[in-house]
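Okay, so here's the structure we're looking at.
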Amino acid sequence: MTPLVQSARFREVGPPVLTGLVLLGLWEGTCRLFGIPEFLLPAPSAVARVFATDAPTLLRALLSTLEVTVMAFGLAAVVGTLVAFVFVQSRAVERSLFPYAVMLQVTPVVAIAPLIIILVKDTRLALVACAALVALFPVISNTTLGLRTVDPGLANLFALHKAGPLQTLVRLRIPSALPLFFAGLRISSGLALIGAVVAEFVAGTGGTGSGLAYEILQSGFQLDIPRMFAALFLITAAGVALFLIMAGLTRLALGDWHESERRPER
Amino acid sequence: MTPLVQSARFREVGPPVLTGLVLLGLWEGTCRLFGIPEFLLPAPSAVARVFATDAPTLLRALLSTLEVTVMAFGLAAVVGTLVAFVFVQSRAVERSLFPYAVMLQVTPVVAIAPLIIILVKDTRLALVACAALVALFPVISNTTLGLRTVDPGLANLFALHKAGPLQTLVRLRIPSALPLFFAGLRISSGLALIGAVVAEFVAGTGGTGSGLAYEILQSGFQLDIPRMFAALFLITAAGVALFLIMAGLTRLALGDWHESERRPER
Amino acid sequence: AEKFSYLTSWFAQAEHGGFYEAQAEGLYGKAGIDADIRQGGPQVNAMQLLLAGQVDAVMGYDFQVLNAVEKGLPAVTVATTFQYDLQGLMTHADVKGLGDLKDKTVLIASSSHTTFWPWLKAKYGYTDAQTKAYTFNLQPFFADPNAAQQAYPSSEPFQAQEKGVPANFYLMAADGYPPYGSTIVVTRKTLEERPQVVRAFIKASMQGWRDYMKDPAPGNALIKAANPKMGDAQIAFGIAKLRELHALDGKNGVPIGAMTEARWKATDDYMVGAGLLKPEVDWHKAFTTEFVGDLDARLN
Amino acid sequence: MPVRAAHAGPADRPGDAPPGAPAVEILSADKVFANGARGLAPLSLAVGEGEFVSLIGPSGCGKSTLLSLMANLQQPTDGRVLWWRGGFDAVGREGRRLSLVFQDATLMPWARIAANVRLPLDLAGVPTPQADARVAEALALVGLADRARHYPRQLSGGMRMRASIARALVTEPNLLLMDEPFGALDEFTRNRLDADLAALWWRRRFAAVFVTHSIYEAVFLSTRIVVMAANPGRVFREIDVPEPFPRGDAFRTSAGFADQCRALSVALMEASLASGQGAAA
Amino acid sequence: MPVRAAHAGPADRPGDAPPGAPAVEILSADKVFANGARGLAPLSLAVGEGEFVSLIGPSGCGKSTLLSLMANLQQPTDGRVLWWRGGFDAVGREGRRLSLVFQDATLMPWARIAANVRLPLDLAGVPTPQADARVAEALALVGLADRARHYPRQLSGGMRMRASIARALVTEPNLLLMDEPFGALDEFTRNRLDADLAALWWRRRFAAVFVTHSIYEAVFLSTRIVVMAANPGRVFREIDVPEPFPRGDAFRTSAGFADQCRALSVALMEASLASGQGAAA
Ligand SMILES: Nc1ncnc2c1ncn2[C@@H]1O[C@H](COP(=O)(O)OP(=O)(O)OP(=O)(O)O)[C@@H](O)[C@H]1O
Ligand SMILES: Nc1ncnc2c1ncn2[C@@H]1O[C@H](COP(=O)(O)OP(=O)(O)OP(=O)(O)O)[C@@H](O)[C@H]1O
Ligand SMILES: [Mg+2]
Ligand SMILES: [Mg+2]
């Protein structure tokens with residue numbers, strides 16, 4: 001074995017990359033073997049060819065989509081957390097408002113996007129609002145659960161020392177909630193991204209400065225399916241990148257104490 | 001105080017219903033006060049009028065959407081749980097495959113719907129597949145986290161008694177994971193619903209036997225916005241109902257032991 | 001110059017060429033209008049944006065305007081672009097006409113269920129069961145030799161030709177489908193408060209169309225700026241189709257933009273007959289011929 | 001040695017302190033759990049300022065339950081609990097502080113030992129320099145000065161328990177409730193902490209309620225010992241320990257100490273036998 | 001009373017049993033934690049079949065760490081651990097069973113007491129009727145027969161610990177590791193369980209490693225006592241207890257018992273003093 005294979009870094013990155021390469025190989029092989037036409041399912045090589053020629057345009061579109069995604073994700077994280085804070089103040093508040101949080105989640109963006117677009121004049125802001133709506137609920141749901149899941153002994157300790165609601169929140173509930181909060185963020189980061197794409201689909205922004213949805217739509221209309229797959233690939237790659245960033249943040253924040261993140265000591 | 005106000009049942013149901021009535025009142029008032037035209041934002045009374053005349057059609061559409069939702073949700077719950085089981089077998093497996101689960105989440109349904117339609121001949125099955133894809137990730141993500149979050153002492157106990165992977169899964173990991181598993185289901189139930197609606201938007205056939213998305217599209221196209229809101233209302237109501245059912249199941253399953261569900265003893 | 005915005009029905013393409021041409025040539029400016037041509041998209045509800053006051057005029061569709069009138073909404077068609085709805089069906093090579101689809105799967109968008117599909121059903125006895133969703137790309141059509149799908153003459157047939165898939169295209173208007181295509185719709189308020197601007201906009205637009213059919217280069221430049229994915233070959237194909245189908249001037253060479261009451265009546269009759277419109281609706285409210293009488297832009 | 005029946009009047013004060021007003025009073029309170037099990041039969045008990053009362057009794061006789069009533073963590077099914085003759089509101093006001101050492105360490109896993117110990121001071125808004133000094137002092141008292149920057153999981157079981165004791169002492173409470181605080185400690189450490197606790201109590205004269213299973217510990221520390229019996233949980237006997245304070249190592253080897261231990265041992269045996277099934281039978 | 005230096009040869013067997021082969025052996029193993037702290041200095045220790053070895057020492061001296069090495073829950077940083085002269089694979093084969101009582105009860109909160117106790121049997125695939133009988137027996141042994149259908153949170157601290165002991169005994173282990181199992185129990189219950197454990201050991205002759213803080217308990221139960229010291233954790237002294245078995249209440253009051261206790265107490269004191277800072281100083 002070479003040192004590379006043994007390094008911890010390789011063990012982290014190696015398996016997923018290998019899996020990816022194997023999958024790509026199978027895909028390419030299938031396409032070639034059965035002679036699947038490009039406009040039905042393009043081979044990875046065909047997609048790669050698009051990148052060779054169209055990378056700048058596609059990356060510009062990706063950047064535009066990512067901008068919306070990041071803003072929406074930030075908004076969803078902040079608003080969702082605040083809502084969860086309100087919910088754990090009392091069961092009555094939670095019972096009164098949680099159904100309406102669920103309503104927000106299950107209202108299809110496609111349906112309310114026109115309203116948002118009419119209300120919010122700035123198209124970009126409207127996109128952000130739509131995507132944030134999509135990403136909001138998992139943050140609320142997981143954070144609320146997390147804030148509720150506190151060690152009863154510690155809760156007693158805080159009650160005993162007459163900790164105020166804010167103190168209990170900051171010093172007990174928030175630290176206890178972190179693992180679930182981050183799990184919520186990991187789900188939401190992906191949702192913010194598809195939220196952004198769907199919002200772009202719906203809002204129908206085109207032309208320069210438009211995002212990946214436009215590239216996908218146009219490539220679809222023009223049957224430039226390799227290009228469509230290239231755009232899809234960029235979206236999924238961005239999603240995975242977001243996820244990995246969130247996973248890294250989780251490890252940074254919890255690495256030292258939470259069971260789900262601790263590596264066994266040897 | 002009347003006995004009604006004091007009953008536990010009322011305390012459960014009262015606050016959200018009251019909140020709802022207040023919100024509806026505010027909405028109706030705003031619409032009347034500012035004379036907001038119906039095609040922009042219909043007042044609740046206008047929406048109610050639609051129900052009075054169109055209830056049968058709308059309910060039939062709701063049923064059709066719910067059918068897709070429930071099948072997709074079941075599929076997502078089963079597949080997501082199985083995937084999570086695979087993931088917790090080893091960190092290497094998880095590292096190899098998790099990015100691809102994320103990819104599934106962030107691939108916009110709108111973009112892959114055509115492929116699914118080609119692959120799955122039956123339209124209804126295609127819808128179910130699309131919606132299940134949307135609902136899958138939170139189950140995977142939360143269940144994986146749950147299966148990982150076991151009391152280290154209990155994990156040691158199982159290791160000591162040489163419990164096999166299956167025994168550890170069934171007797172330790174699954175019970176430990178239940179709270180998070182249910183949290184995942186609560187998120188996914190809503191996503192399955194919007195997934196179904198979005199799938200209908202994208203891939204749904206119109207005409208008879210079609211779902212709520214078709215009603216929304218048609219109402220939008222014919223500028224029958226009150227009817228569109230009536231359909232939207234049915235979706236959100238269905239979402240809330242699904243959520244409440246999941247919350248009830250959670251309480252049934254965990255009520256006795258998990259902190260987040262336990263009521264303080266008096 | 002007075003601001004006036006016009007929202008098209010789709011991403012910029014040859015079917016919108018005249019408006020972009022007028023913009024490029026400064027025809028709007030000369031008419032005292034600061035025009036803003038905006039492109040629509042698959043989920044953009046133009047009529048709602050029009051009624052909400054977000055735009056001054058939209059590229060509309062007769063059925064939708066009649067539906068709006070039924071709801072008491074103040075939308076009025078002031079001119080048309082095409083003498084026919086360019087909606088048609090694209091089929092594989094074995095199909096010889098619109099009446100030949102009994103055993104075929106027909107891919108249509110859900111909006112078509114309240115436009116041409118009832119017309120086809122009524123005329124040829126088709127059923128809802130043979131429809132599947134059209135997702136606005138052609139993979140399902142190519143993958144299924146038994147499929148037919150809705151199409152615009154300038155778009156989908158071009159894609160099929162590009163990919164070397166032999167396909168036929170049938171225009172529904174050729175079999176008597178009544179509505180106009182790509183109309184200009186404004187609100188009654190605009191009509192009453194700014195009739196001069198509306199008139200000037202229509203006039204300049206139709207001049208734009210005339211010029212576009214002669215030399216599309218200036219318009220195309222703007223189209224490609226708005227929709228960079230639009231290729232020259234596709235635009236050229238689209239223009240050729242518009243010419244071939246006499247979309248702008250009709251079979252008997254009317255001025256560009258002209259509408260008649262008789263045609264509107266035919267549309268109303270069809271809708272009422274198909275159950276898409278209540279019989280008591282006053283269809284006269286859906287349009288006015290006030291602005292098309294003095295149109296004089298003609299192709300040659 | 002005076003052995004009193006349950007519910008007798010206040011004890012004679014040992015040493016020279018005057019008998020204090022009750023810091024915590026249980027007034028014929030009982031406890032029935034949600035599953036119908038009776039944890040405590042109606043019982044009354046008062047612990048005065050400057051008193052050190054030990055609770056001792058068979059496993060499951062309700063010591064922890066009684067302590068949690070005194071800490072307002074559970075409410076009696078019937079009867080009342082008073083703090084300084086008032087409701088639980090009285091606690092935290094006018095410098096009246098209450099601390100509790102739980103039966104297990106109950107530390108925050110995400111916080112270092114110093115932060116864990118410091119928590120009650122932070123909650124009370126004690127300014128940083130003062131808090132720092134008191135945390136250091138409390139950690140030194142329990143022999144954990146060098147573990148301040150460790151996380152709980154890096155400590156041994158006994159060390160975690162000591163951290164939890166430090167956390168209870170850091171506020172200088174007027175009423176200190178302790179549930180088997182020294183159960184997980186070796187004899188040597190335990191004796192040292194017993195001595196330290198006795199000295200601390202003599203200096204500060206807080207009211208203390210101390211659950212223990214050690215007869216020697218109970219006699220060494222207490223002004224009064226409450227022997228409990230189970231099924232249902234009740235006060236079986238109260239025993240005064242009128243030996244003078246301060247008590248040092250000499251007391252442990254005195255005849256009085258041995259007598260008290262023997263008497264307590266007998267009482268405890270009787271209580272165990274009176275507890276029937278449910279306690280270890 | 002024979003007091004041996006650390007790492008001496010095997011003990012003389014008490015009673016009439018022949019000296020057994022080692023059930024678990026620590027071969028110059030040490031433990032350095034991730035944060036660089038040294039938990040155990042390299043040490044060797046063998047516990048033979050039929051031996052009852054107690055570990056005693058100041059808080060934080062590494063008793064739990066040593067036990068977790070023996071249970072294969074942690075691996076030594078250096079050195080080896082052998083079970084029945086083999087790797088950990090040897091455990092669970094040929095009827096060789098290992099059980100561990102943790103320092104805290106470690107029960108599954110979602111399972112009733114009976115299900116908790118039954119867990120090791122379920123994991124080993126013991127058929128239901130047999131398992132039921134053994135669970136009932138084990139629960140009766142620790143005095144929890146009437147709590148079988150309770151959830152852990154409905155039990156007192158001592159009861160939870162007893163449930164955890166029942167869980168360890170239910171498999172009839174050949175090697176039983178116990179970390180302060182009786183620390184949370186009252187003297188009466190504790191003495192009874194001590195006697196029960198001694199009788200059980202005499203009947204089954206499993207190898208036992210028993211962490212305790214009670215000198216009396218260590219002397220009463222053990223064939224050998226290992227006194228540990230801290231900083232770093234090491235074997236400070238080994239003491240044989242060559243008193244005959246079975247040992248009953250009479251043994252507790254014998255002169256031999258008192259002598260052994262005194263000697264152990266001195267050794268423990270010395271170990272505590274030798275532990276320097278880190279243990280309660
Ligand atoms: N994960 C860890 N990281 C760092 N240090 C640790 C860790 N686990 C234990 N220690 C240290 O190792 C030493 C021995 O701990 P151990 O739990 O074995 O003590 P013990 O003898 O069982 O004490 P007690 O009687 O208090 O339970 C202690 O000083 C402890 O702080
Ligand atoms: N939540 C509960 N539901 C039902 N029974 C309970 C509950 N909590 C405690 N009990 C019962 O109440 C009794 C007293 O429990 P408690 O914890 O007060 O005992 P204890 O004296 O502290 O015992 P130990 O010395 O073992 O800690 C026990 O029989 C226990 O089973
Ligand atoms: Mg207790
Ligand atoms: Mg320990």
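Predicted model only: the values in this text are computed from it and were never measured. A note on names: the letters A, B, ... follow the listed sequences, proteins ahead of strands, and every chain is numbered from 1. Because only heavy atoms are used, hydrogens play no part in the values below, and waters and symmetry mates are left out as well, while side chains stay in.
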Tell me, for [X] versus chain B, whether the close heavy atoms (under 4.5 Å) come from the side chain, the backbone, both or neither.
| X | answer |
| --- | --- |
| A/Ile216 | side chain |
| A/Ile140 | neither |
| A/Ser141 | side chain |
| A/Leu191 | both |

Can you tell which of [options] has the highest number of heavy-atom pairs within less than 4.5 Å of chain A?
| options | answer |
| --- | --- |
| B/Gly190, B/Ala155, B/Ala183 | B/Gly190 |
| B/Val102, B/Leu147, B/Val93 | B/Val102 |
| B/Phe229, B/Phe137, B/Tyr100 | B/Tyr100 |

* Asked: Quick one: does B/Arg186's side chain get under 4.5 Å of A/Leu145's, heavy atoms only?
  ->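 Yes, at least one pair of side-chain atoms sits under 4.5 Å.
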
* Asked: Do B/Ile187 and A/Asn142 touch side chain to side chain, with heavy atoms closer than 4.5 Å?
  ->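 A side-chain contact under 4.5 Å exists here.
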
* **B/Met103: which of A/Ile235, A/Thr236, A/Leu232 passes side chain to side chain contact (heavy atoms under 4.5 Å, CB included)** =>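 Of A/Ile235, A/Thr236, A/Leu232, side chain to side chain contact (heavy atoms under 4.5 Å, CB included) with B/Met103 is met by A/Thr236 alone.
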
* **Value rounded to 0.5 Å, distance of OG1 in A/Thr19 from CG in B/Leu97** => 6.0 Å

* **Inter-residue atom distance B/Leu180.CG - A/Thr149.OG1, 0.5 Å rounding** =>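 With rounding to 0.5 Å, CG (B/Leu180) is 7.5 Å from OG1 (A/Thr149).
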
* With sequence neighbours excluded, what pairs up with A/Phe233 under the ring pair (Phe, Tyr, Trp, His ring centres under 6.0 Å) test? -> A/Phe51

* For B/Val240, is it the side chain, the backbone, both, or neither that has a heavy atom closer than 4.5 Å to a heavy atom of chain A? -> both

* **chain B contacts, top residue of A/Leu242, A/Leu193, A/Ile194 (heavy-atom pairs, under 4.5 Å)** =>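 Of A/Leu242, A/Leu193, A/Ile194, A/Ile194 has the most heavy-atom pairs under 4.5 Å with chain B.
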
